[in-house]
Amino acid sequence: NAGVTQTPKFRILKIGQSMTLQCTQDMNHNYMYWYRQDPGMGLKLIYYSVGAGITDKGEVPNGYNVSRSTTEDFPLRLELAAPSQTSVYFCASSYSLGVYEQYFGPGTRLTVT
Amino acid sequence: DQQVKQNSPSLSVQEGRISILNCDYTNSMFDYFLWYKKYPAEGPTFLISISSIKDKNEDGRFTVFLNKSAKHLSLHIVPSQPGDSAVYFCAAGGGSNYKLTFGKGTLLTVNP
């Protein structure tokens with residue numbers, strides 16, 4: 001049981017490039033989330049999904065896109081990377097409606113230069 | 001507008017003593033509160049939680065206290081151990097969705 005896994009661990013992008021951050025969970029959780037954490041700040045919600053085929057915006061969705069074609073996978077797409085997207089990105093999952101405890105992946109550290 | 005505030009960026013305590021981490025919130029809709037622990041280069045891990053119907057929840061060395069009238073919660077770690085050194089995030093949720101709002105975190109250092 002690996003929990004929540006994220007790839008890659010680190011990535012450097014040039015301004016204007018695109019990339020996809022991968023997230024997979026093997027706990028059969030319905031809910032999945034993407035957060036970013038900037039230095040000295042808390043985690044801010046980018047997008048979340050309550051099940052396959054259903055996604056919604058969080059607090060800071062601009063510049064990102066998501067899809068949820070399976071229960072296990074929730075990739076985050078960055079189009080036209082900007083320096084403001086330099087951050088650590090965490091994926092998380094939780095079991096269902098009514099359960100607040102979220103389980104986090106190890107994070108992806110992204111630098112845009 | 002910060003709805004969950006952790007006003008102490010850092011806290012240093014001696015091994016064996018009590019660590020008290022504080023968190024304040026402003027949104028009256030919050031009815032569930034969690035503490036997460038984060039080591040460098042790892043994701044946050046769930047530590048302990050409390051529902052608004054309780055004022056205390058205990059799990060081993062960790063106790064969370066909730067004061068709803070003051071919109072304040074605290075995490076007590078007794079006794080503190082060097083392995084407890086980490087960033088602790090307070091998080092709150094409530095309403096019809098189950099999203100969490102996080103504080104900025106407090107770096108706890110437990111000195112041997």
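Here is the naming used below: chain letters follow the sequence lines, and residue numbers restart at 1 for every chain.
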By number, which residues in residues 9-18 of chain B have some heavy atom less than 4.5 Å away from chain A?
none
Taking only heavy atoms into account, what residues of residues 102-109 of chain B are found under 4.5 Å from chain A?
B:F102, B:G103, B:K104
Do you reckon [X] sits in the same ILVMFWY cluster as [Y], going by side-chain contacts under 4.5 Å, direct or chained?
| X | Y | result |
| --- | --- | --- |
| A:M32 | A:Y47 | yes |
| A:V4 | A:V66 | no |
| B:F65 | B:F89 | no |
| B:I20 | B:L73 | no |
| A:L110 | A:L43 | no |

Are B:L100 and A:Y35 side-chain neighbours, meaning at least one heavy-atom pair lies under 4.5 Å?
yes
Using side-chain heavy atoms (C-beta onward) and a distance below 4.5 Å, is A:F104 in contact with B:K38?
no
Interface moiety of A:Q102 toward chain B, non-hydrogen atoms closer than 4.5 Å
both
So which part of A:L45 gets closer than 4.5 Å to some heavy atom of chain B, the side chain, the backbone, both or neither?
side chain
Between B:K99 and A:Y100, what is the shortest heavy-atom contact and its length?
O-CE2, 4.4 Å
Could you go through the side chain to side chain donor-acceptor pair (under 3.5 Å) check for A:E101 and B:Y36 one step at a time?
CA-CA 10 Å; A:E101 288 82 357; B:Y36 280 83; over 6 Å; no
Check each atom of B:A91 against the heavy atoms of chain A and say whether the ones under 4.5 Å are side chain, backbone, both or neither.
neither
